[in-house]
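To start, the structure itself, in structure tokens.
Below, read A as the first sequence line, B as the second, and so on, with proteins coming before strands; counting in each chain starts at 1.
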Amino acid sequence: MSHPITTDDSREIVRVDAIVKDFRPGLGLRAKRVLHEVSFAVREGEIYGFVGPNGAGKTTTLKILMGLIRPTSGNATILDCDVTETGFREHIGFLPENPYFYSFLTAEEILRFYARLSGVGGRDRDRRVQALIELVGLGDARRERLSTYSKGMLQRVGIAQALIHDPKVVFLDEPMSGLDPIGRKDIRDIILRLKSEGKTVFMNTHILNDVEMICDRVAIIVKGRIRHEGPIREFMNEEAMRSDIVLAHLAPEVAEQLGAKFSARVQTVGEQVEVQVMDGQVRDLLKSALEAGAEVLSLSPNRISLERIFLEAVEQGEQADGSSAAERGAPAC
Amino acid sequence: MLNSGSRIWPIATNTVREAVRHRLLYTLLFFAVTMIGFSVLIASLSYVEGERIIQDVGLASIRLFSVGIAIFVGIGLIHGEVERRTIYTILAKPVTRSEFLLGKFLGLLLTVWLQLCLMAIAFVAVSVLVGAGLDLGYVAAMLLVGVELMVIVAVATLFSSFTTPMLAAFFTLGIYALGHLSRDLYSLGQASDVPAVKQAATLLYRALPDLESFNLSTQAVHGVAISGAEVGWASLYGVAYSIALLILASFIFHRRDLE
Ligand SMILES: Nc1ncnc2c1ncn2[C@@H]1O[C@H](COP(=O)(O)OP(=O)(O)OP(=O)(O)O)[C@@H](O)[C@H]1O
Ligand SMILES: [Mg+2]
């Protein structure tokens, strides 16, 4: 794997080295390889997006990092400790996929429980518990049993328990799943806040929009193989650095002029004019448009390239899989 | 290691709390107490030695129900945590798998001991009601029921750490039955002329728990003197056997993939 040239040479917090994982479905059945020599590194203070389609091996990788399952070969370290050790876990937080907790406890009770397990003691414990309940917005339900909680509320409990001991590194498996739009934004804000506090965040997801909004680095995994890895801006080619602007009350010929002046793509749709322009030109174009009496209906960054790379990677993955099956002389059916 | 307790204890108390907030256990407990009451009825119908029958049946039902509850809860103890994935977030904290296992074991043990206490109270109440004599022999008998429960809980914890509740129930019941027969199996083997059979019988006796060593009910009911040494040795044996089982369980559990 060629490492992309990046300006930051900060400490590697998570190191994954040629991890292979085979699952044995049962006695006598052939082992199924789920991870093929997966390698990557997460640096201090970054938000790392681990993306891939369903069944790519994201959760399996995370389970190996959490020491829940053992790799068939290869090794992984977090904060320079082997992941099978226990002590360093006081510095990490983990949100599993579709988290589930002791349903006979209330949110307060479960958070106090996790705080005790993480060694948060006495006065500090109650303060942290209340602060996190507020942070994830469960204030009204704090004394209700988790058996009455909805999926999204459980997800919030999951975030709270992952952060209860103020960890340095946070691992999140599909943090946005099951959340409403407000919930998603809340979680995004929490993740960005963690980053501003100098924490390192590793997150599994297949929601590319979230990745583009918050991640610093991205790895794309398809069928157990890393297909792309690098800083998010590498995934943003020229096309990705454009924005879409929708304008109204703009005469077609003025629109044409604007297009020529800012080398923007202009398209008239009924009463509206859609303009696609380089990010650097957005301000000037808007200014000119407003001076010409236009009304701005919407402005959105155009970030299609990650999706395109993602889809290409998936396609490549499928093809590679198909050709290797052919090489092995496997039956076509 | 010093801090182990601060992690084991919350896991144990949560296990107790889960049991206490579980309705099914109350039902079982209710049945057990009813059984003890029922024995009064049987006793009042018989002419000879009524109190003795009450206490015989009472002690037997206490043993039966407490072991039943221990197995019933124990077989899903670890498996349930893996199945429901509640274990993921716990092991992501600085908790070793051994600490988790020990916490679950202690929690279940405290639960069944609590139930044993409640049943013992019912037993004393019935005995006082019918005017049957109570002496230290009963205390010793109850104590050793408690030790036997510890061994059963350890057996259930061991099986629950790597198999499904169905299989764990099957194995634990098997060990329970064989454990009560292990003395007979041993003497049967020793009576054989074939040395290999003798050796195998000895080996089996060593490996299986000798659960009859915890059974003082006959002595207690018939007022046969029970020595403190007997109770002490039996308790020590029970503790040592449980520790060995837990070490084995933790050895297996550490190597498992939790998925
Ligand atoms: N215990 C297991 N036994 C056999 N195969 C397994 C096991 N666990 C996972 N797999 C397989 O490993 C592959 C990767 O699964 P994994 O859960 O890591 O995917 P994922 O990337 O997290 O997907 P998703 O986006 O749906 O969460 C899948 O093909 C799955 O079938
Ligand atoms: Mg997953």
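For the pair A/F113 and B/I90, the minimum side-chain heavy-atom distance is below 4.5 Å.
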Quick one: donor-acceptor pairs between chain A and chain B, under 3.5 Å, side chains and backbone, table format.
residue, atom, partner, partner atom, Å
A/K21, NZ, B/D257, OD2, 2.5
A/K63, NZ, B/Y88, OH, 3.3
A/G67, O, B/R97, NH2, 2.9
A/L68, O, B/R97, NH2, 3.1
A/L68, O, B/L258, N, 2.9
A/R70, N, B/D257, OD1, 2.9
A/R70, NH2, B/H254, O, 2.6
A/E97, O, B/R85, NH1, 3.2
A/N98, O, B/R85, NH1, 2.8
A/Y102, OH, B/E81, OE1, 2.9
A/Y102, OH, B/E81, OE2, 2.6
A/F104, O, B/R21, NH1, 2.5
A/E109, OE1, B/R21, NH1, 3.3
A/E109, OE2, B/R17, NH1, 3.3
A/E109, OE2, B/R21, NH2, 3.2
A/Y114, OH, B/T89, OG1, 2.6
A/Q161, O, B/K93, NZ, 2.7
A/Q161, OE1, B/K93, NZ, 3.4

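Neither the backbone nor the side chain of A/F171 comes within less than 4.5 Å of any heavy atom in chain B. When heavy atoms are compared at a cutoff of 4.5 Å, B/I8 does not approach chain A at all. Using a 4.5 Å cut-off between heavy atoms, A/I164 touches chain B through its side chain atoms alone.
Among residues two or more places apart in sequence or in another chain, the salt bridge (charged side-chain N to carboxylate O under 4.0 Å, His left out) test is passed with A/D80 by A/R11.
Among all heavy-atom pairs drawn from B/A92 and A/I92, the shortest one is O-CG1, 4.2 Å.
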